[in-house]
Amino acid sequence: MPKNIKLTYFDFKGFGEPVRLALAIAGLDFEDFRIKREDWPAIKPTMPFGHVPVLEVDGQKVAQSGAMLRYIGKLVPESGLYPSDIWTAFKVDEIIGVVDDIMRLLRPSFATKDEDEIVRLRTALVAPEGELTLALAQLEASLAKTAGAKFALNDGPTIADISIYVILDLLSSGVLTAMPKDVYAKHPQLSKVVNAVRAHPKVKEWESKH
Ligand SMILES: N[C@@H](CCC(=O)N[C@@H](CS)C(=O)NCC(=O)O)C(=O)O
């Protein structure tokens, strides 16, 4: 077991947030280092690929949130976060890829400061035939086939559930201009996963402190 784990990310619930929750659910102590925006230009060149999150394990820096999530799940197998059954693990990886694609849909609207452009881009995403509307419907249909009793695939949370929770919580939080709070509300499987992760005792404990 590593002696020191440090997560470097912004004080924001983006790619680093599922990693924080996975570490909390796995019961791993870690330094939750949150970069101040004004310090980022100096820190960026010290990150292996110029991005965060970066997970530093006993002094070695590794990038890519998906890799971190799988590492945490494998490090603490009894957490059930990354299933040992290779088919279920395959489905976990599929969902994480889908969530990554959803994040990518939002990127153009994060890349501009023009409020009218942000509204235009996000309104198009959530239109009846919009790319986000379609992606959420497809994820819902996929989960309907695999649904575990409480979570997406199993009775306990996997890193796929955590990833779904973080993106849908962000989308429906009201902090993103022009993103409706009920963006996933009509999808029962997605709602089930969000509610189950939010109600998980370790997630509740983490969120009550951060
Ligand atoms: N595929 C990467 C994406 C990382 C990424 O896009 N990070 C953004 C923040 S969410 C970042 O570092 N932005 C600042 C920059 O690129 O200068 C992952 O999953 O970790």
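In listed order, ligands and their atoms are each counted from 1. All residue numbers refer to positions in the sequence shown, counting from 1.
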Report, in ascending order of atom number, the atoms of ligand 1 lying under 4.0 Å from any heavy atom of [X].
| X | result |
| --- | --- |
| Trp40 | 14 (C), 15 (C), 17 (O) |
| Pro53 | 20 (O) |
| Lys44 | 15 (C), 16 (O), 17 (O) |

Q: Assess Arg104 for proximity to ligand 1: is some non-hydrogen atom of it under 4.0 Å away?
A: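 False for this residue.
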Q. Among the heavy atoms of Ser65, does any lie under 4.0 Å from an atom of ligand 1?
A. yes
Q.
Which option wins on minimum heavy-atom distance to atom 7 (N) of ligand 1: Leu55, Leu69, Ile96, Val52?
A.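 Of the listed residues, Val52 has the closest heavy atom.
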NZ/NE/NH1/NH2 to OD/OE distance under 4.0 Å, [X] and [Y]:
| X | Y | value |
| --- | --- | --- |
| Lys202 | Glu205 | no |
| Asp116 | Arg120 | no |
| Asp169 | Arg198 | yes |
| Arg34 | Asp32 | yes |

**Q.** Short N or O distance, Asp100 and ligand 1, threshold 3.5 Å exclusive
**A.** no
Q: Flag Tyr9 as yes when one of its N or O atoms lies below 3.5 Å from any N or O atom of ligand 1, and as no otherwise.
A: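 No; the residue has no nitrogen or oxygen that sits under 3.5 Å from a nitrogen or oxygen of the ligand.
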Residue part near ligand 1, for [X], under 4.0 Å between non-hydrogen atoms:
| X | answer |
| --- | --- |
| Phe110 | neither |
| Glu17 | neither |
| Phe12 | neither |

Q: Take atom CG of Asp29 as the centre, draw a 6.0 Å sphere, and report whether it contains more than 12 heavy atoms from other residues, nucleotides or ligands.
A: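 Count not over threshold, so no.
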Q.
Take a 6.0 Å sphere around CD of Glu129 and say whether it holds more than 12 heavy atoms from other residues, nucleotides or ligands.
A. no
Q. So, Tyr82 versus Asp93: side-chain donor-acceptor pair below 3.5 Å or not?
A. yes
Which heavy atom of the protein is the closest neighbour of [atom], given with residue, atom name and distance?
| atom | value |
| --- | --- |
| atom 1 (N) of ligand 1 | Gln64 OE1, 2.8 Å |
| atom 16 (O) of ligand 1 | His51 ND1, 2.9 Å |
| atom 6 (O) of ligand 1 | Arg107 NH2, 2.9 Å |

**Q.** Non-hydrogen side-chain atoms of Glu56 and Val62 separated by less than 4.5 Å
**A.** no
(Q) Could you check whether any side-chain N or O of Asp58 sits under 3.5 Å from a backbone N or O of Pro2, counting only pairs where one atom can act as donor and the other as acceptor? (A)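 No; judged by distance alone, with no hydrogens or angles, the pair does not exist.
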